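Here is the structure we will look at.
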Amino acid sequence: MKTSFERWVKVGAMSATECRATVTLPAELPEFVGHFEEKAVLPGVVQLAWVRFLASHWAETALVLQSIGQMKFTHPLTIGDEVSIALQKDEGDWVPGLKQTLRFTYTIHRETGDIVASQGRISLCA
């Protein structure tokens, strides 16, 4: 069975230093259940998990979260939002046992303009 990430997130351009993906957040996304009844919001822990999944896809190996250097949630991600996820890292390959710092940004795309929903810096290890 596919995870929510595999089912809905579409991986886009990848280079040595950058990886991008897009998703339109569907109402049937299980991560919305119970978070919250009044208005569904994609939890921050899910956003972090999707960053790790995307980074693992990019690295072509399973990555483990080592530390969270910074995370800022400035706008909620809700049902129907068209979102891009951008990851950036320094030059170099993913080396087993070596921690790699990664910057991420979730951006909502709307007719009225783009909104940065969350961003941060984390360390992952292969």
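Only a predicted model underlies this, so the values are computations on that prediction, with no experimental measurement involved.
- At distances below 3.5 Å, not a single donor-acceptor pair connects side-chain atoms of Thr22 with backbone N or O atoms of Val83.
- Taking hydrophobic clusters as Ile, Leu, Val, Met, Phe, Trp and Tyr residues chained together by side-chain heavy-atom distances below 4.5 Å, Val116 does not share a cluster with Leu48.
- Counting heavy atoms from C-beta outward, Ile122 and Thr101 have side chains that stay 4.5 Å or more apart.
- Between Leu124 and Val64 the shortest side-chain heavy-atom distance does not fall below 4.5 Å.
- One distance of note links NE2 of His109 with CG of Asp114; it measures 5.0 Å at 0.5 Å rounding.
- For Thr3 and Glu6, the side-chain atoms include at least one donor-acceptor pair closer than 3.5 Å.
- Side chain of Lys89 to backbone of Ala16: a donor-acceptor contact under 3.5 angstrom is found.
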**Prompt:** Hey, mind stepping through Thr105 and Ile85 against side-chain contact (heavy atoms from CB on, under 4.5 Å) and telling me if it holds?
**Reply:** CA-CA 6 Å; Thr105 304; Ile85 308 166; over 6 Å; no
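- In this structure, Lys99 NZ and Ser67 OG are separated by 4.5 Å, a value rounded to the nearest 0.5 Å.
- Between the side chain of Arg103 and the backbone N or O of Leu87, no donor-acceptor pair lies under 3.5 Å.
- What you find for Gly44 and Met71 is that their closest heavy atoms are O-CE, 4.5 Å.
- Residues Val46 and Leu54 share a hydrophobic cluster, clusters being chains of Ile/Leu/Val/Met/Phe/Trp/Tyr side chains in contact below 4.5 Å.
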**Prompt:** Would Phe104 and Gln47 count as a side-chain contact (heavy atoms from CB on, under 4.5 Å) if you check the C-alpha gap in whole Å, the side-chain angles of each, and the deciding distance to 0.1 Å?
**Reply:** CA-CA 10 Å; Phe104 70 88; Gln47 294 177 48; 5.6 Å; no
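- Side chains of Thr78 and Lys39 form a contact here, defined as non-hydrogen atoms less than 4.5 Å apart.
- Under the 4.5 Å side-chain criterion, counting only non-hydrogen atoms from C-beta, Leu102 is not in contact with Leu63.
- In this structure, NZ in Lys72 is found 11.5 Å from CZ in Arg121, a value given to the nearest 0.5 Å.
- More than 12 non-hydrogen atoms from other residues, nucleotides or ligands lie less than 6.0 angstrom from CD of Gln70.
- Using a 4.5 Å cut-off on side-chain heavy atoms (C-beta onward), Leu25 and Phe32 make contact.
- Inter-residue side-chain proximity for Trp50 and Leu42 is flagged as met; some heavy-atom pair is nearer than 4.5 Å.
- Under the 4.5 Å side-chain criterion, counting only non-hydrogen atoms from C-beta, Phe5 is not in contact with Arg7.
- Taken from OG in Ser118 to CG in Leu77, the straight-line distance is 5.5 Å, to the nearest 0.5 Å.
- When hydrophobic clusters are built by joining Ile, Leu, Val, Met, Phe, Trp and Tyr residues whose side-chain heavy atoms come closer than 4.5 Å, directly or via intermediates, Val45 is not grouped with Val41.
- Within the 4.5 Å cutoff, no side-chain heavy atoms of Lys10 are placed close to those of Val23.
- In the model, Glu82 has no side-chain atom that pairs as donor or acceptor with a side-chain atom of Thr24 under 3.5 Å.
- Thr107 places no side-chain N or O within donor-acceptor distance of the main-chain N or O of Ser84, the cut-off being under 3.5 Å.
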